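A short write-up of the structure that comes next.
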Amino acid sequence: MSLPSPFALSLLSIIALSLLGLPVGLAMVGGSVLYLLAAGLDVGTASEQIINGMMGSFLLLAIPLFILAAAFMNAGSIMDRLVRFCNALVGRFRGGLALVNVAQSIVFASMSGSALADAAGAGKLMQSMMTREGKYTRGFAAALTAVSATIGPILPPSIPLVVYALVSDASVGYLFLAGVLPGLLIGAVQMGLIVGMAKRRNFPLEASVPLREMPRITKEAFPALLMPIILFGCLYSGITTPTEAAAVAAAYALLIAGGLYRSIGAGDIYHSLLTSARTSVSIGMLIAGAMAFNYVITVENIPHTVSAILAATDLSQVGFLMLVNVILLVLGCVLEGTTIILVILPVLLPTAAALGIDPVHFGVIAVMNIMFGLVTPPYGLLLFMMTKVADVPLREIVREVMPFLGVMFIALMLVTYIPTITLFLPRLFGYAG
Amino acid sequence: MGSFIVRVAGWVQRRSENVIAALLGIMFAAFIVQIVFRYFFNLPTGWSTELSLIAWLWMVLWGTALALKEKDEIRFDILTSLAGPRARRVMAVVVAVATVTLYGLSLPGTYKYVTFMKVEKSSYLNIRLDWLYSVFVLFVVATILRYLWLLWQALRGESQGEETAGADRTP
């Protein structure tokens, strides 16, 4: 056969157009159209797949709503209160501000679902706090802000986990619960490393917040700290669907920012709607493109083919997970996370199922891998963003990121090979896997 | 001629930002109404779900077609950021020609699918589906026009940065 198959043509065109700078979502629509043309199918199928996919995935509406909730949190003074609370909590130790950076990522994670949003919002604030008066080098501050931002999408609510729920049919509620312990574990190893470094590198001590101030600071941050409890309450009491829980989170954020703290006006609300809409549109187009291309993948029966190839190699569960670790870490360095979940994971899921890997566990491993890819040099999206946000050369960030990647890799291995870390909480709430 | 297009495109882009912000607001409001009606009054509202989904479809397609700026879009910039101005121009031409061709070829099929759907109506709001889905035709047409413009820009040797600067200068 001299001509390339329609599928190869389609895949190559998507890769080529994306590399040449066409937005990935548009490239996937274009590549799918090319497939339909080359295979002699009805070209209108691309629009049909996208429209039906978008109108049929109620779950996806959680994405714009979680983004909106985070925007309301950012617009109000909620973030400042949370940072003050974290500072009162862990700021008293050597390397205090560095610990606060990790702690606020954990606390703020329950308000937002996107690592990039975390690094751009709260992360920027921490960066300037840490480098003020030369307390920490700018490279260390930027590196820490980038690595601590990866915690957000692993802890609930998480946009990558919502997207994963879409492709895997796993329950969003259980996926969110499954992310809790792995997310906290990453926070713990990062804090552990900071404490270990603090003496050797002589990190500065901060003026510690007197203990009698604690009740006041906690009270000020309390309504914001209640957010995860409200979210989980809505989800697990069955009051709302996951998508509705996202709307409740946004409404609650608006309510405390506007009603209680009086720190958000009509202009802020419009601005939050606009910035959230922009982010949602760019993610939504990626999903729309993936819906068209996933039709191609299904028609070509690619997941089955991959599954058959892997089955022939007699791969064990551990071997497969190791392969997944490697594939996702490499892809995570060059691909945007949502694209990987939408396009690559459906191809791997049947094999994971055949090997008896729990779909919830697999989702958490995948998201962790993808998040780590965001901070893996040389091409980690978060690293690049920090060079822009903090105006630090990439070289300085990369040097400081390395030790963190080391401990995070250990955490990833623990989560991958000890399923209980992931599945303990879901099982506690009745997950049968 | 060029500056007229830039001015019109800028106006459309700004109004489209209003549109997507409003659509997100509608989606958010519909959800709140839905939760309140079901939880407090025990009244399920199917129309609110439908409204949210329509708002989502329109927001994504309208937004991609008309509201998003270059910097908002998700793309790889490894190669484009490494390339010099000449190479970048060639890349822009290739991308624009391919996009205009592929989206152009898909237009008749898309139009046929959307108009074919006139026989059906949405379940709750009773809107004809060809009206609801017409945003997809808008998306394809706008994408073709956008990349024709970018092709024109690249052929004339103006980089995309200059285009935005020009748009900012326009009174």
Side-chain angles (χ1 to χ4, degrees), chain A residues 13 16-27 29-31 33-34 36-37 42-48 50-51 54-58 60-61 64-65 68 239-240 243-244 246-248 250-251 270 273-274 276-288 334-336 338-339 379, chain B residues 17-18 20-25 27-28 30-32 34-35 39 49-50 52-57 59-64 67-69 72-80 88 91-92 94-95 98-99 102-103 105-114 116-117 132-133 136-137 140 143 147:
Chain A
S13 70
L17 288 174
S18 300
L19 284 176
L20 291 175
L22 188 67
V24 185
L26 294 179
V29 176
V33 167
L34 185 60
L36 294 169
L37 287 168
D42 177 13
V43 190
T45 311
S47 56
E48 185 182 349
I50 293 172
I51 291 171
M54 301 286 283
M55 294 296 283
S57 323
F58 188 61
L60 286 179
L61 299 181
L65 293 169
L68 186 63
I239 294 175
T240 66
T243 320
E244 288 172 350
V248 171
Y270 175 76
L273 281 171
L274 178 57
S276 308
R278 270 198 206 120
T279 314
S280 308
V281 166
S282 61
I283 297 178
M285 190 57 225
L286 203 59
I287 295 173
V334 288
L335 276 180
E336 198 275 337
T338 317
T339 319
Y379 194 81
Chain B
E17 288 194 332
N18 300 149
I20 59 170
L23 285 169
L24 182 58
M27 187 197 293
F28 179 46
F31 264 97
I32 300 306
Q34 173 174 328
I35 296 165
Y39 188 61
T49 308
E50 196 174 286
S52 314
L53 286 167
I54 294 168
W56 168 237
L57 181 74
M59 184 173 84
V60 170
L61 293 173
W62 187 294
T64 309
L68 280 205
K69 294 180 184 160
D72 299 323
E73 293 171 316
I74 299 177
R75 69 174 87 232
F76 301 127
D77 50 4
I78 324 173
L79 284 190
T80 37
R88 204 175 300 179
M91 288 160 85
V94 173
V95 162
T99 308
L102 286 172
Y103 280 67
L105 287 172
S106 83
L107 190 56
T110 303
Y111 184 79
K112 219 174 86 198
Y113 170 70
V114 170
F116 173 72
M117 292 312 281
L132 279 188
Y133 296 173
F136 205 98
V137 178
V140 174
T143 305
Y147 280 87

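Source: prediction; values computed, not measured. First the proteins, then the strands, lettered A, B, ... as listed; each starts at 1.
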Let me see the working for A/Val29 and B/Tyr103 under side chain to side chain contact (heavy atoms under 4.5 Å, CB included), right down to the final yes or no.
CA-CA 9 Å; A/Val29 176; B/Tyr103 280 67; 3.2 Å; yes

After noting the C-alpha distance and the side-chain angles of A/Leu26 and B/Thr99, does the key distance pass the side chain to side chain contact (heavy atoms under 4.5 Å, CB included) rule?
CA-CA 8 Å; A/Leu26 294 179; B/Thr99 308; 5.7 Å; no

Check: B/Leu53 and A/Met54 side chains under 4.5 Å, non-hydrogen atoms
no

B/Ile20 versus chain A, heavy atoms under 4.5 Å apart: side chain, backbone, both or neither?
both

Would you say the side chain of B/Tyr39 lies within less than 4.5 Å of the side chain of A/Thr240, judging by non-hydrogen atoms?
no

Pairs of heavy atoms under 4.5 Å with chain B: top-ranked of A/Leu68, A/Leu274, A/Val43:
A/Leu274

Can you tell me if A/Phe58 has over 12 outside heavy atoms packed within less than 6.0 Å of its CZ?
yes

Working to the nearest 0.5 Å, report the span between CG of B/Leu105 and CG of A/Leu36.
11.5 Å

Between A/Leu286 and chain B, which part of the residue has a heavy atom less than 4.5 Å away: side chain, backbone, both or neither?
side chain

Any idea which of B/Val60, B/Val94, B/Val114, B/Thr143 has the most non-hydrogen atom pairs under 4.5 angstrom with chain A?
B/Val60

State, to 0.1 Å, how close B/Leu102 and A/Gly30 come at their nearest heavy-atom pair, and which atoms those are.
CD1-O, 3.5 Å

Counting only heavy atoms closer than 4.5 Å, note whether A/Leu17 contacts chain B via side chain, backbone, both or neither.
both

Segment of B/Tyr147 engaging chain A (4.5 angstrom heavy-atom cut-off):
side chain

Heavy-atom pairs under 4.5 Å with chain B: which of A/Gly44, A/Pro23, A/Ala16 has the most?
A/Pro23

Tell me, side chain or backbone of B/Leu23 under 4.5 Å from chain A's heavy atoms, or both, or neither?
neither

First locate atom CE of B/Met117, then atom CD of A/Glu48, and finally report the distance between them rounded to the nearest 0.5 Å.
7.5 Å

Roughly how far, to the nearest 0.5 Å, is the CD1 atom of B/Ile35 from the CD atom of A/Glu244?
4.5 Å

Nearest 0.5 Å please: distance from the CD1 atom of A/Ile51 over to the CG atom of B/Leu132.
9.5 Å

Measure distances from A/Leu65 to the heavy atoms of chain B and classify the residue's part below 4.5 Å as side chain, backbone, both or neither.
side chain

More than 12 non-hydrogen atoms from neighbouring residues, nucleotides or ligands closer than 6.0 Å to OH on A/Tyr270, yes or no?
yes

Turns out that what part of A/Leu22 lies under 4.5 Å from chain B's heavy atoms comes down to both

If you count heavy-atom pairs under 4.5 Å between each of B/Glu17, B/Gln34, B/Met59, B/Met91 and chain A, which one has the most?
B/Glu17

Closest approach of A/Ala247 to B/Phe28 (non-hydrogen atoms, all atoms of both residues):
O-CE1, 3.5 Å

Least distance between heavy atoms, B/Ile32 atom then A/Ala251 atom
CD1-CB, 3.7 Å

Under 4.5 Å to a heavy atom of chain B? For A/Thr338 that would be neither

Could you grab the distance from atom OG of A/Ser276 to atom CE of B/Met27, nearest 0.5 Å is fine?
11.0 Å

Heavy-atom pairs under 4.5 Å with chain B: which of A/Val248, A/Thr243, A/Thr339 has the most?
A/Thr243

Heavy atoms only: give me the nearest A/Pro64-B/Leu24 pair and the separation to one decimal.
CB-CD1, 3.8 Å

Smallest separation among heavy atoms of A/Leu61 and B/Ser52, with atom names:
CD1-CB, 3.6 Å

Point-to-point distance, once rounded to the nearest 0.5 Å, from CE of A/Met285 to CG of B/Leu68:
10.0 Å

Most contact-rich option vs chain B, by heavy-atom pairs under 4.5 angstrom, among A/Ala277, A/Gly284, A/Ser47, is A/Ser47

